[in-house]
Number of protein chains: 2
Amino acid sequence: MSQEESTEVCRRRRVHPESIAQVRASEINEDTARGLAELFRILGESTRVRILHALSCAELCVCDLSELLEMSPSAVSHQLRLLRANKLVRFRRSGKNVFYSLDDEHVEGLLRQGTEHVLEERTS
Amino acid sequence: MSQEESTEVCRRRRVHPESIAQVRASEINEDTARGLAELFRILGESTRVRILHALSCAELCVCDLSELLEMSPSAVSHQLRLLRANKLVRFRRSGKNVFYSLDDEHVEGLLRQGTEHVLEERTS
DNA sequence: CTTATATATGAACAGGTGTTCAAACGTTTG
DNA sequence: CAAACGTTTGAACACCTGTTCATATATAAG
């Protein structure tokens, strides 16, 4: 607990050790933080948000989504790939079509809670 | 090539009109979708996730965060600027320090719900 | 005043990302 | 079988974003 810091290679600033200790005590797992950021990164793109919103209304094939979003099937498929890899949507093949739907209820919860924040942000 | 669509500029595919109508009926506001994506985009970066997690434990100044994240004050400040602009954190000046904290409880809720998804994703 | 500390900001650069395009794959139909 | 359809995939390209660096601002101390 010595106060002098001159021998330190990296000079210390006048921080708030109690607060820092408090944070360090409840530090989340490094992997969890990374996974969390990854999840939100996937959600953080308007095309993917629109896809997820659409799928929260109905199970849809790539063509349906392509028409709804007015985008090429290829572009939609690329985004669905990402959503699939992150376990946000599931899919089933039926003949020539592949139908997508939301994977679990967490996704809807995140969208709902996010919407609340956005709307509140507007009014204040 | 002989099908009855040749007059359409944009050729229609065999989609599922009922499902599409169902989605269109509950289509969210364009601005809301954009704001939602923007919110998640801000949350979708590991540095910012770590900052928000730290602030969920204690009110911290830039130096504290800089030490916790082992990053330059400049890098931290740049990210805080983004978080501030999106109403995710608030701040108050006290002498030479500027203390940051979470802006509302929605942020903690989003982090918690996101963590649930990530952990569940691991176990399945 | 000058100096030191804490924070903010703008430019620049490297790395990442979404869309387009062309081509492939899988399934159904003729 | 071949042709058509729905979907996927890889490469290319333009755009965006996080960090670094240098510099500026603000407050406190000498």
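Predicted model, so just to flag it, every value in this text is computed and none were measured. Throughout, protein chains are lettered first and strands after them, A, B, ... in sequence-line order, and every chain is numbered starting at 1. Atom set for the values below is all heavy atoms of this structure, side chains included, hydrogens, waters and symmetry mates excluded.
- In this structure, CG in Leu111(B) is found 9.0 Å from CG in Leu88(B), a value given to the nearest 0.5 Å.
- Residues Leu102(B) and Ser56(B) are in side-chain contact: their nearest non-hydrogen atoms beyond the backbone lie under 4.5 Å apart.
- Rounded to an integer number of Å, the gap from CG of Asn86(B) to C1' of dT17(D) is 14 Å.
- Contact between the side-chain N/O atoms of Arg81(A) and the OP1/OP2 oxygens of dG10(D) is found at a separation under 4.0 Å.
- In this entry the distance linking CZ of Phe99(B) with P of dT27(D) reads 15 Å, nearest Å.
- The side chain of Lys96(A) lies closest to dG6(D) when the candidates are dG6(D), dC21(D), dG18(D).
- Between Arg48(A) and the phosphate of dT17(C), there is no side-chain N or O to OP1/OP2 separation shorter than 4.0 Å.
- Between Gln79(B) and dT17(D) there is no side-chain N or O to OP1 or OP2 distance below 4.0 Å.
- Leu82(B) comes within 4.0 angstrom of sugar-phosphate atoms only, judged by non-hydrogen atoms across all strands, and of no base.
- Under 3.5 Å, the side chains of Gln113(B) and His106(A) contain no donor-acceptor pair of N or O atoms.
- In this structure, a donor-acceptor pair under 3.5 Å is absent between the side chains of Tyr100(B) and Arg92(B).
- Taking only side-chain atoms of His78(B), from C-beta outward, the nucleotide of dT27(C), dT9(C), dG18(D) with the closest atom is dT9(C).
- Distance CD/Glu108(B) to CG/Leu110(B): 10.5 Å, rounded to 0.5 Å.
- In this model, the phosphate group of dT20(C) is approached by a side-chain N or O of Ser72(A) to a distance below 4.0 Å at OP1 or OP2.
- Comparing dT19(D), dG18(D), dT8(D) by their nearest atom to the side chain of Met71(B) picks out dT19(D).
- Closest contact between the side chain of Tyr100(B) and the listed nucleotides dG18(C), dA8(C), dT19(D) involves dA8(C).
- Here the side chain of Arg41(B) is nearest to one of dG6(D), dT17(D), dT20(C), namely dT17(D).
- When the side-chain nitrogen and oxygen atoms of Arg93(B) are compared with OP1 and OP2 of dA6(C), none of them lie within a distance under 4.0 Å.
- Rounded to whole Å, atom C1' of dG18(D) lies 11 Å from atom CD1 of Ile51(B).
- Residues Leu65(B) and Leu80(B) are in side-chain contact: their nearest non-hydrogen atoms beyond the backbone lie under 4.5 Å apart.
- For dT19(D), the base has no donor-acceptor partner in the side chain of Ser74(B) [N/O atoms by modelled type, under 3.5 angstrom].
- Relative to the side chain of Val98(A), the nucleotides dT20(D), dA22(C), dT7(D) differ in distance, and dT7(D) lies closest.
- Among dA8(C), dA6(C), dT8(D), the nucleotide with an atom closest to any side-chain atom of Cys63(B) is dA6(C).
- In this structure, CZ of Arg34(A) is placed 16 Å from C1' of dG16(C), rounded to the nearest angstrom.
- The nearest whole Å value for the distance from the CD1 atom in Ile42(A) to the P atom in dG18(C) is 7 Å.
- Computed from coordinates, the Glu38(B) CD to dC16(D) P distance equals 13 Å when rounded to whole Å.
- If you measure from atom CG of Leu80(A) to atom P of dT17(C), you get 18 Å, rounded to the nearest angstrom.
- For Val62(B), taking side-chain heavy atoms from C-beta onward, the closest of the listed nucleotides dA8(C), dT27(D), dC21(D) is dA8(C).
- Regarding His16(B), its NE2 atom lies at a distance of 13 Å from the C1' atom of dT7(D), rounded to whole Å.
- Listed by chain and residue number, Phe99(A) satisfy the ring-ring contact (aromatic ring centres under 6.0 Å, His included) test with His16(B) (two or more places apart in sequence, or in another chain).
- Within 4.0 Å (heavy atoms only), Thr47(B) reaches sugar-phosphate atoms of the nucleic acid but no base atom.
- Taking side-chain N and O atoms only, Asn97(B) has a distance below 4.0 Å to OP1 or OP2 of dT7(C).
- Here Leu65(B) lies out of heavy-atom contact (under 4.0 Å) with every strand.
- The side chain of Glu45(A) sits closest to dG18(C) out of dG18(C), dT9(D), dT9(C).
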